[in-house]
Amino acid sequence: MAAKLSAVVDVHHCNISYPSDKNQPPHFTASPLRISTKRFTIFCTSSKSPPKTAPGKAESKKRKTPSLSEQLKPLSNTILSDQPNESHQLLSKPKSIWVNPTKPKPSVLSLQRQKRSSYSYNPQIRDLKHFAKKLNDCHPADDAAFQAILEEIPHPPNRDNALLVLNSLRSWQKTLLFFNWIKTLNLFPLETIFYNVTMKSLRFGRQFQHMENLANEMIENGVELDNITYSTIITCAKRCNLFDKAVQWFERMYKTGLMPDEVTYSAVLDVYAKLRKVEEVMSLYERGRASGWKPDPVAFAVLGKVFGEAGDYDGIRYVLEEMKSVGVQPNLVVYNTLLEAMGKAGKPGLARSLFEEMLDSGITPNEKTLTALIRIYGKARWAKDALELWDRMRLNGWPVDFILYNSLLSMCADLGLEEEAESLFEDMKGSESRKPDSWSYTAMLNIYGSGGNADKAMRMFEEMSDKGVELNVMGCTCLIQCLGRAKRIDDLVQVFESSVDGGGIKPDDRLCGCLLSVVSYCEGEDVNKVLACLHKANQNLVAFIKSLEEEDTKFENVKQEFKGILSNTAVDARRPFCNCLIDICRNRNLRERAHELLYLGTMYGLYPGLHTRTEEEWRLNVRSLSVGAAHTALEEWMQTLTKLVQRREALPEVLSASTGAGSHKYSQGLANAFASHAEKLAAPFKLREDKAGGLFVATREDVISWVQSRAASLASIA
DNA sequence: GTAGGGTTAG
């Protein structure tokens, strides 16, 4: 199974089967990834004659996160044989009715938790605690001193005394030394609990190898490994990112006939959650449920986390429904996890109502709750809610920590709340425990950068170096963006060189994207200065720009080069790269190239939903495009519509283009640019003032007569 | 850190 963990699993062809032997862990089989070969074009005209710009096949490698219902489908078909006449609907409770009564219900976990041995009071506790403290205080490198203290143990190191001391040692090295000392004394047999206590300390020190050695020693010496041993091993492996080890030890439990209890089981759920293996988590969860398990809040927190990381809102709802149907009241951690998950799934409104529900249930938020919520409101640009929450925090005296302070600053940056950020930043400078760090300064650079205040941004930059706060790659990006917009290219070059050559900043794709955007709008010698910076960060990109400018570069070459660049670029930065490259082409009068890049970008899945069609309305969605890319898309669309009209093909009643309203304070240019471009083409798109979100609309009749008049005027020119 | 599982920042 360890090998399968790294395999690509096609969820649509994932079969999960029960092992025939109940002492086998649940396992998964998967068919190899299928490559989609669906044809697509930028704008579909008709089936009769595809546009000439559509020669390719889909080569998008990006795979959509499957929805929960898609993931549950194979599960419900293969293992959950409940309610055979009903389709297994999303959010329906997976009731486990085992259909074959001659076979026992397969069990994957023990419903009884591991019993702990009870401690008896140790009358020597004070002396032994004092002894343990001496061991803890002993210099870590001084083995001789440690041994000397050991000899002075105030009471005989019998089972109970040794256990008490073992439990009181802090560092894993000392725990291990003490454990080995007890072992050499050979006064009593070392039971499981001695190993478990030692392992706990090793886990704290993230010492998986030592831990595994101890586990193997237990096996050799015939000491029983219990659920506590296994859960400690599994969580240690997880913390050390040794996920295959975690799974390996989990499998070993079943092989030796030991059933995991719910603690071990949810530890393993979390291993798969960390690996973002949603379908495996669900499979384990469902199988646990089928075994009669009533999951507790910890299990639901794991489930919530995995759906949050997948951005799967249906999954989050499923978790909420499951909790309701199992009768589990969410606790603070579960709420925090689900709030975080709602943010990742892009549902600020639902996060808000979940937060209110949490308050209504009598739970007080902690720093993590508030950090999650502030961040969600900031990213959603919900200024009113963010400021309201901030007020409530102060009013109610809710807990605040350093991370929350920095998150508030970042929220101010997201919302362009310069004054609020400045006053918070001053508060932090005045406090003893919350002095601004590189996160805080980055937020300030972000605020001044996106506000176009290059002087203040540079002052921050200087203050950082005075105070010895290191600039990080994001701060550097904000600063460079700001200096670029202010056309302070020499300052830009100086900041770039000092931070990359001297400051140890490794340029990432975002920083390259930022330099690329500066290239798109600067002129003259400045272009070469910025390109020289970009060359240090990404040589291929600069070579590609040069090749775009050369007339004899063939489309096939552009395609191959661009594909290579995109596949070496972080997913988040791919669309910005494409947008900037299109802008560069347009600003250099390379219109054909711009169209080629838009076509390729669409083909590689960078602009999903660029064009949506219903029977009544076709819509061009340019909100994720740069100005140049939006121009290019509009031209492309007009060409397509022209062809359709000329061929007398059916058009919908309404044609529209959506530019977005530019909810960010500093990004309102697209609607204006679009309006003026439509005007230049004399295209009949009119801004709908009554609708929010920059919507331009034309009727079918307007478009037809516009095309006909254009054709007439073109004919008259000819 | 009570022999074991889950939650904070571009």
Side-chain angles (χ1 to χ4, degrees), chain A residues 109 113-119 136 163-164 166-172 175 191-205 225-236 238-239 246 250 260-271 273-274 295-306 308 330-341 343 365-376 378-379 399-411 413-414 437-443 445-446 449 472-478 508 510-511 572:
Chain A
L109 86 167
R113 275 206 196 190
Q114 164 93 43
K115 291 245 176 357
R116 290 157 173 255
S117 57
S118 55
Y119 277 87
N136 279 324
L163 201 51
L164 203 155
L166 196 63
N167 251 316
S168 315
L169 295 173
R170 296 270 156 189
S171 78
W172 63 268
T175 309
E191 311 150 37
T192 305
I193 190 169
F194 280 84
Y195 283 92
N196 289 349
V197 171
T198 309
M199 283 183 172
K200 188 186 124 187
S201 179
L202 290 172
R203 188 186 66 168
F204 205 72
L225 283 79
D226 62 12
N227 258 288
I228 297 174
T229 322
Y230 279 110
S231 59
T232 312
I233 297 171
I234 289 164
T235 53
C236 179
K238 182 177 70 187
R239 283 180 201 181
F250 180 58
D261 66 7
E262 71 170 331
V263 176
T264 315
Y265 204 72
S266 47
V268 171
L269 275 187
D270 194 50
V271 170
K274 279 253 153 44
D296 67 357
V298 177
F300 286 119
V302 173
L303 232 51
K305 182 173 69 179
V306 79
N331 63 16
L332 179 59
V333 177
V334 172
Y335 273 117
N336 287 352
T337 312
L338 290 175
L339 282 171
E340 183 93 349
N366 67 4
E367 298 88 336
K368 291 172 186 173
T369 324
L370 299 166
T371 299
L373 215 51
I374 278 293
R375 194 169 156 246
I376 289 168
K379 295 283 158 258
V400 182
D401 64 3
F402 190 52
I403 293 178
L404 182 49
Y405 261 90
N406 274 341
S407 302
L408 285 165
L409 272 185
S410 299
M411 177 272 288
D414 287 332
D437 68 351
S438 74
W439 286 78
S440 331
Y441 275 99
T442 301
L445 286 171
N446 193 2
N472 58 29
V473 68
M474 184 186 168
C476 181
T477 306
C478 293
D508 62 4
R510 284 194 193 202
L511 179 50
D572 289 349

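Reminder, nothing fancy here: chain letters follow the sequence lines and each chain counts from 1. Since the model is a prediction, treat every value here as computed from it, not as a measurement.
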Rounded to whole Å, how long is the line connecting atom [atom1] of [X] with atom [atom2] of [N]?
| X | N | atom1 | atom2 | result |
| --- | --- | --- | --- | --- |
| A/N406 | B/dT8 | CG | P | 17 Å |
| A/K115 | B/dA3 | NZ | P | 17 Å |
| A/R116 | B/dG4 | CZ | C1' | 7 Å |
| A/K274 | B/dT7 | NZ | C1' | 10 Å |
| A/K368 | B/dT8 | NZ | C1' | 6 Å |
| A/I403 | B/dT7 | CD1 | C1' | 11 Å |
| A/L269 | B/dG4 | CG | C1' | 15 Å |
| A/K200 | B/dG1 | NZ | C1' | 4 Å |

With distance as the sole criterion, do the side chain of [X] and the base of [N] form a donor-acceptor contact below 3.5 Å?
| X | N | answer |
| --- | --- | --- |
| A/D261 | B/dG4 | yes |
| A/T232 | B/dG4 | no |
| A/N446 | B/dG10 | no |
| A/N366 | B/dT8 | no |
| A/T264 | B/dG4 | yes |
| A/R510 | B/dG10 | no |
| A/R203 | B/dG4 | no |
| A/S231 | B/dG5 | no |
| A/R113 | B/dG5 | yes |
| A/D572 | B/dG10 | no |

What is the distance from atom CG of A/L269 to atom CZ of A/F250, rounded to the nearest 0.5 Å? 8.0 Å
Would you tell me if any nitrogen or oxygen in the side chain of [X] comes within less than 4.0 Å of OP1 or OP2 on [N]?
| X | N | answer |
| --- | --- | --- |
| A/R239 | B/dG5 | yes |
| A/R375 | B/dG10 | yes |
| A/K238 | B/dG5 | no |

Measure from the side chain of [X], starting at C-beta and using heavy atoms only, and say which of [options] lies closest.
| X | options | result |
| --- | --- | --- |
| A/T371 | B/dT8, B/dA3, B/dG6 | B/dT8 |
| A/D270 | B/dG4, B/dG6, B/dG5 | B/dG6 |
| A/V302 | B/dG10, B/dG4, B/dG6 | B/dG6 |
| A/S201 | B/dA9, B/dA3, B/dG1 | B/dG1 |
| A/Q114 | B/dA9, B/dT7, B/dG4 | B/dG4 |
| A/D437 | B/dA9, B/dG6, B/dT8 | B/dA9 |
| A/E340 | B/dG6, B/dG4, B/dT8 | B/dT8 |
| A/V334 | B/dG6, B/dG4, B/dG10 | B/dG6 |
| A/S117 | B/dG6, B/dG5, B/dA3 | B/dA3 |
| A/V197 | B/dT7, B/dA3, B/dG5 | B/dA3 |

Report yes if the ring of A/W439 lies under 5.5 Å from the six-membered base ring of B/dG10 with planes under 30°, and no otherwise. yes
Going by centres under 5.5 angstrom and planes under 30 degrees, do the aromatic ring of A/F204 and the base ring of B/dG1 stack? yes
Which whole number of Å gives the distance between the [atom1] atom of [N] and that of [M]?
| N | M | atom1 | result |
| --- | --- | --- | --- |
| B/dG4 | B/dT8 | C1' | 24 Å |
| B/dA3 | B/dA9 | P | 31 Å |
| B/dG5 | B/dG10 | P | 27 Å |

Closest heavy-atom pair and its distance - [X], [Y]:
| X | Y | result |
| --- | --- | --- |
| A/A341 | A/G308 | CB-CA, 3.3 Å |
| A/A413 | A/A443 | CB-O, 3.7 Å |
| A/K305 | A/D270 | NZ-OD1, 2.5 Å |

Let me see the working for A/N336 and A/V333 under side chain to side chain contact (heavy atoms under 4.5 Å, CB included), right down to the final yes or no. CA-CA 5 Å; A/N336 287 352; A/V333 177; 5.5 Å; no
Using a 4.0 Å heavy-atom cut-off across all strands, classify [X] as base, sugar-phosphate, or nothing.
| X | value |
| --- | --- |
| A/V333 | base |
| A/N167 | sugar-phosphate |
| A/D508 | nothing |
| A/N227 | base |
| A/T337 | sugar-phosphate |
| A/K379 | sugar-phosphate |

What verdict does the side chain to side chain contact (heavy atoms under 4.5 Å, CB included) test give for A/T192 and A/L225, after you've listed the backbone C-alpha separation in whole Å, the side-chain angles of each residue and the deciding distance to 0.1 Å? CA-CA 7 Å; A/T192 305; A/L225 283 79; over 6 Å; no
Checking side chain to side chain contact (heavy atoms under 4.5 Å, CB included) for the pair A/S201/A/L169: CA distance, chi angles, key distance, verdict? CA-CA 8 Å; A/S201 179; A/L169 295 173; over 6 Å; no
Quick one: does A/M474's side chain get under 4.5 Å of A/N446's, heavy atoms only?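 Contact flag for A/M474/A/N446 side chains = yes.
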Of all residues at least two apart in sequence or in a different chain, which pass the ring pair (Phe, Tyr, Trp, His ring centres under 6.0 Å) check with A/F194? A/F188
